[in-house]
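When reading the values below, keep in mind they use all heavy atoms of this one structure, side chains included, and skip hydrogens, waters and symmetry mates. When a ligand or atom number is given, it counts from 1 through the structure's own listing order.
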Amino acid sequence: MRFATLTAAALALSSAAAVAQDYPTGPITIVVPFSAGGPTDTVTRLVAEPMSKTLGQQIVVQNVGGAGGTLGATQVAKAAPDGYTLLLHHIGMSTAPSLYPDLAFDPAADFAPIGLVTSVPMTIIARKDFPPNTLEELIAYVKENADTVTYANAGIGAASHLCGMLFMSAIDVELVTVPYQGTGPAMTDLIGGQVDFMCDQTTNTTGQIHGGEVKAYAVTSPERLDSLPDLPTTAEAGLPDFTLGIWHGLYAPAGTPQEALDKLNAALKTAVADPNVATRFAKLGTAPATAEEATPEALATTLTEQIALWKPLIEAAGAKAQ
Ligand code: MLT
């Protein structure tokens, strides 16, 4: 009996190893925890294209919005660890533990990091007929009209929420916020004039700013962007300590076979080294991760450091999700 059991276990191990060696043998899904058409969706589709070519399999982008990105992240945390369901998520992975007391996953324990993808600056923008014309005027206007001004975000823990939280803390004002499943739909309402202003990533705002569809006040990068040379930095515009970069990572569920993780990491590294990806990212105010950043170790370190960094900031702002 014992011999038969050992043989069965050996067979099971060898077949799992064979499956992982042949990986991928079918389409791969990357879950984006926000609506289609937003910044996270844009970043994902830009790297999914070259990754698909390297892996020789179709990559399906699935948008799962809600609760600041935590619904989509939970879905992947609980997915089969076979390399066919991945998550592309951003800074929200590090803020969720401090914002959601009943979070259904542990960002470090329940995921296998594949690598960093990019880090994106944010822009403070408003509907184009919003009265303030400079960041200084915006701050004064918002303070004066705090009860009526509306701020759009993609839910508690989203980058748009965090940027708004820091902005409100910096100017000591509490605003009416309008949550969306992503800043794709939020941008539609901003352009339509249904909401007043928001802070969103350049991967979603650069085109609208160039097109005059929205009014832009500042960018949260330390230096001005080549893609938006006329837009002052928050430091220039009067908020010197207000810089924010939205880092993005690619994850698999914990327990995914190492062979699959290695192939996914190799495909990510090829994608971020692709000149076409660099060109398209540059037009959107950002740059792909370097080879050193596109590693599991770099993502794991960033995640741990950011969880620790955001905890006191969130507690100070009293921004817990109910
Ligand atoms: C956010 O954090 O605001 C999200 O990135 C918005 C989005 O990707 O739709």
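- Residues satisfying the side chain to side chain donor-acceptor pair (under 3.5 Å) criterion with Asn153, sequence neighbours excluded, are absent altogether.
- Aromatic ring pairs are classed by plane angle as parallel below 30°, tilted from 30° to 60° and perpendicular above 60°; the pair Tyr141 and Phe130 is perpendicular.
- For the pair Thr234 (side chain) and Phe242 (backbone), a donor-acceptor distance under 3.5 Å is present.
- Ligand 1 lies under 4.0 Å from heavy atoms of Phe34, Gly38, Pro39, Thr40, His90, Ala154, Ala158, Ala159, Ser160, Gly182, Thr183, Gln201.
- Within 6.0 Å of the CD atom in Glu236, the count of heavy atoms belonging to other residues, nucleotides or ligands exceeds 12.
- At least one donor-acceptor pair closer than 3.5 Å links the side chain of Thr95 to the backbone N or O of Gly92.
- Surrounding CD of Glu49 are at most 12 heavy atoms belonging to other residues, nucleotides or ligands under 6.0 Å away.
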